[in-house]
Undergrad: 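Below you'll find the structure I mean.
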Amino acid sequence: MTDQLKALWSFIDASADIAIDLQRELCKHPALSPANGGEGELDKAEFLSLWLRAQGIENIERFDCPCEGAKEGIRPSLVATIPGEDEAPGAPRLWIMSHLDVVPPGELSLWKSDPWVLEVQEGPQGKMIVGRGVEDNQQAITASCLAALALVKQGVRPSRTLKLLFAADEENGSVYGLQWLIKTYPDLFQKNDLVLIPDSGDPEGRAIEIAEKNHLWIKCITRGRQAHAAMPDKGTNAYVAGADLTVQLYYGLAQKFSETDPLFDPDCSTFQPTKKEPNVPNINTIPGEDVFYVDMRILPRHPVDDVIKEVERIKTEVEVKHGVLITCEVGMRNESPPTSPDSALVTELARHVEEVYGVKTRPVGIGGGTFAAFLRKEGIDCAVWARIEGSAHQPNEYGLVRNILGDAKVMASLALGKE
């Protein structure tokens, strides 16, 4: 271990109180999407920008995506830059990407404490923090800030320029965040950049996500003819037809696209009916319209277009069977190639994880969605990794301070980039 790396790790090991204090302040700024009843990320972004500047990290840019319903009509993302030794035009940069927004707390009666007030507890694995967002994705925010802070405070220049992205709108598809940044600022990212996304992992830190299933959301609208429930012959029950379509899609798509891939868990494509909109408000009326949604996570070997064609075929059969009209609208669609397990990013990350945590890593695929899919489509190598407990989106979401510090050491080692 070099003297520089020792200095970085020593600083991080002594930064538990900084990590807890930062998490406490982040929890005070909920950063809920307007779609989830919030005002967006502005307050949180402004706090974090001021905090970074106060710590000596002054190269900060803010990118404001217009968004009706958000505070001041914007959804801000931040980019903080630590210049590296190689600043030649076109030189690869290391990005560490996290997101500012969080999901709502859900049923408050299930929480043992106020989700927006950080709770610090002592446990068998050291200090544990509880609050909405502490793991998803404030562990990443805090760890990346500590890594950058270690470089700045110890006067160490990373081998590559380090860029920290704190993005808006990840929890609702990144329309006002990373997707908007890619479209609006096409020169912001380079194809030779390396991107670490600390937004998925396991409690030991072994899993490096290199691939994501293709995502497809479908909204199915069935239109029949409303009638009195006592005279069903005068109507066409859209609910019955919609229910039939639900079952046909659930079983039919799973049978058609039944291949498996051990890289993923679960190892198969999934086609899950989820949200259902209300139809008629009263019991004694046959609904003339019915609406439901399907969330599909498809193995990368299956083109999304093939799945859509099969949806259309099944839909047509149900239309004929029930005498209804059905529209299947594509909501979210996302497909991307995997990152090579032999890429420089994955190889370096695996080495540093073993240095910090003493574990051998393995490449995995996931069914969930992260920033990686959008960037992989642009030809940029991404690895999704963190050592996390897996409490995201749950009541009493929690994280371990030791994981924040350990992840920060991995990030600082990756940024330093020296044997």
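The structure presented is a predicted model; accordingly, all values stated were derived computationally and were not measured. Position 1 is the first residue of the sequence; numbering continues from there.
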Undergrad: Can you tell me if Ser258 uses its side chain to pair, donor with acceptor, with the backbone of Ala254 under 3.5 Å?
TA: no
Undergrad: Hey, are the side chains of Ile388 and Asn403 touching, using non-hydrogen atoms and a 4.5 Å cut-off?
TA: no
Undergrad: Kindly compute the distance separating CD (Glu72) from CG (Asp43), expressed to the nearest 0.5 Å.
TA: 8.5 Å
Undergrad: Please assess Ser33 against Asp101 for the test side-chain contact (heavy atoms from CB on, under 4.5 Å), listing each intermediate value before the final yes or no.
TA: CA-CA 7 Å; Ser33 164; Asp101 60 320; 5.5 Å; no
Undergrad: Kindly compute the distance separating CZ (Arg75) from CG (Asp64), expressed to the nearest 0.5 Å.
TA: 11.5 Å
Undergrad: Has the side chain of Ser269 got a donor or acceptor atom that lies under 3.5 Å from a matching backbone atom of Ile298?
TA: no
Undergrad: Are any of the side-chain nitrogens in Asp193 or Arg160 under 4.0 Å away from the carboxylate oxygens of its partner?
TA: no
Undergrad: Can a donor-acceptor pair be found, under 3.5 Å and without considering hydrogens, that links the side chain of Glu170 to the backbone of Gly177?
TA: no
Undergrad: What verdict does the side-chain contact (heavy atoms from CB on, under 4.5 Å) test give for Lys163 and Leu94, after you've listed the backbone C-alpha separation in whole Å, the side-chain angles of each residue and the deciding distance to 0.1 Å?
TA: CA-CA 6 Å; Lys163 286 184 169 286; Leu94 171 65; over 6 Å; no
Undergrad: Pair Asp136, His393 - check side chain to side chain donor-acceptor pair (under 3.5 Å), show working.
TA: CA-CA 8 Å; Asp136 185 18; His393 294 218; 3.0 Å; yes
Undergrad: Could you tell me which non-hydrogen atom of Ala373 sits nearest to which non-hydrogen atom of Ser336, and how far apart they are?
TA: O-CB, 3.2 Å
Undergrad: Go through it in stages, so that I can follow the logic: the residues are Thr370 and Glu212, the test is side chain to side chain donor-acceptor pair (under 3.5 Å), and I'd like the CA-CA distance, side-chain angles, deciding distance and then a yes or no.
TA: CA-CA 8 Å; Thr370 70; Glu212 295 179 8; 2.3 Å; yes
Undergrad: Taking the side chain as every heavy atom from C-beta outward, state whether Leu249 and Cys220 have any pair of such atoms under 4.5 Å apart.
TA: yes
Undergrad: Between Arg333 and Asp305, is there a side-chain N and carboxylate O pair less than 4.0 Å apart?
TA: yes
Undergrad: Once ring pair (Phe, Tyr, Trp, His ring centres under 6.0 Å) is applied, do any residues pair with Phe264, and if so which ones, sequence neighbours excluded?
TA: none
Undergrad: In Å and rounded to the nearest 0.5 Å, what is the CZ to CG distance from Phe292 to Leu245?
TA: 4.0 Å
Undergrad: Using a cut-off of 6.0 Å, state whether more than 12 heavy atoms not belonging to Tyr251 lie near its atom OH.
TA: no
Undergrad: Looking at Tyr239, is Lys276 sitting on its ring face, NZ or CZ under 6.0 Å from the six-membered ring centre and within 45 degrees of the normal?
TA: yes
Undergrad: Is Asn279 reaching over with its side chain to a backbone N or O of Asp290, donor-acceptor style, under 3.5 angstrom?
TA: no
Undergrad: Which atom names give the shortest non-hydrogen contact between Pro115 and Pro105, and what distance separates them?
TA: CG-CB, 3.8 Å
Undergrad: Would you give the length of the straight line joining atom CG of Asn59 to atom CG of Leu164, rounded to the nearest 0.5 angstrom?
TA: 10.5 Å
Undergrad: Are Glu312 and Lys309 close enough for a salt bridge, meaning some N to O gap below 4.0 Å?
TA: no
Undergrad: Assess, by modelled atom type and distance only, whether the side chains of Glu107 and Ser109 contain a donor and an acceptor separated by less than 3.5 Å.
TA: yes
Undergrad: Start with the C-alpha distance between Asp295 and Trp217, add both sets of side-chain angles, then the distance that settles side chain to side chain donor-acceptor pair (under 3.5 Å), and finish with yes or no.
TA: CA-CA 5 Å; Asp295 181 315; Trp217 290 353; 3.0 Å; yes
Undergrad: Would Glu119 and Tyr398 satisfy side chain to side chain donor-acceptor pair (under 3.5 Å), going step by step from the backbone distance to the final call?
TA: CA-CA 9 Å; Glu119 182 92 359; Tyr398 72 95; over 6 Å; no
Undergrad: Is the shortest heavy-atom distance from the side chain of Leu375 to the side chain of Met97 under 4.5 Å?
TA: yes
Undergrad: For Ile141 and His99, work out which heavy atoms get closest and say how close.
TA: CD1-O, 3.5 Å
Undergrad: Between the main-chain N or O of Gln139 and the side-chain N or O of Thr142, is there a donor-acceptor pair closer than 3.5 Å?
TA: no
Undergrad: Do the non-hydrogen side-chain atoms of Tyr185 and Val79 ever get within less than 4.5 Å of each other?
TA: no
Undergrad: Should Val120 and Lys127 be marked as a side-chain contact (heavy atoms from CB on, under 4.5 Å) after you check the CA-CA gap, both sets of side-chain angles, and the distance that decides it?
TA: CA-CA 7 Å; Val120 182; Lys127 282 187 169 60; 4.3 Å; yes
Undergrad: Assign the ring pair Phe271 / Phe257 to parallel, tilted or perpendicular, where the plane angle (0 to 90°) is split at 30° and 60°.
TA: tilted
Undergrad: Give me each pair satisfying salt bridge (charged side-chain N to carboxylate O under 4.0 Å, His left out) with a member in residues 379-398, each pair once, sequence neighbours excluded.
TA: Arg132-Glu397
Undergrad: For Pro198, is there any backbone N or O sitting under 3.5 Å from a side-chain donor or acceptor partner on Asn137?
TA: yes
Undergrad: With a cut-off of 6.0 Å (strictly less than), are more than 12 heavy atoms of other residues, nucleotides or ligands near OH of Tyr250?
TA: no
Undergrad: Looking only at heavy atoms, which two atoms of Pro76 and Ala168 are closest? And how far apart?
TA: O-CB, 3.5 Å
Undergrad: I need the Asp199 CG to Trp385 CH2 distance, nearest 0.5 Å.
TA: 13.0 Å
Undergrad: Tell me whether Lys409 contacts the main-chain N or O of Leu8 through its side chain, where contact means a donor paired with an acceptor under 3.5 Å.
TA: no
Undergrad: What pair of heavy atoms forms the shortest contact from Ser340 to Val346, and how long is it?
TA: O-CG2, 3.7 Å
Undergrad: Taking Pro303's backbone N and O only, do any of them form a donor-acceptor pair with Glu335's side chain (distance below 3.5 Å, no angle check)?
TA: no
Undergrad: Enumerate the residue pairs fulfilling salt bridge (charged side-chain N to carboxylate O under 4.0 Å, His left out) with a member in residues 250-271, sequence neighbours excluded, ordered by first and then second residue.
TA: Asp261-Arg301
Undergrad: So if I apply the salt bridge (charged side-chain N to carboxylate O under 4.0 Å, His left out) rule between Glu317 and each of Lys315, Arg313, Lys321, which one comes out positive?
TA: Arg313
Undergrad: I'd like to know if the side chain of Tyr357 and the backbone of Asp407 have a donor-acceptor N/O pair within less than 3.5 Å.
TA: yes
Undergrad: Begin from the C-alpha positions of Phe371 and Val195 and carry the test side-chain contact (heavy atoms from CB on, under 4.5 Å) through to its verdict.
TA: CA-CA 10 Å; Phe371 291 144; Val195 180; over 6 Å; no
Undergrad: For Leu78, does its backbone N or O pair with a side-chain atom of Arg62 as donor and acceptor, under 3.5 Å?
TA: no
Undergrad: Please round to the nearest 0.5 Å and tell me the distance separating atom CD1 of Ile197 and atom CZ of Phe374.
TA: 10.0 Å
Undergrad: Of all heavy-atom pairs between Leu32 and Val102, which one has the smallest distance, and what is that distance?
TA: CD2-O, 3.4 Å
Undergrad: Could you walk me through whether Glu354 and Arg351 pass salt bridge (Lys or Arg N to Asp or Glu O under 4.0 Å), step by step?
TA: CA-CA 5 Å; Glu354 186 172 3; Arg351 175 165 58 86; over 6 Å; no
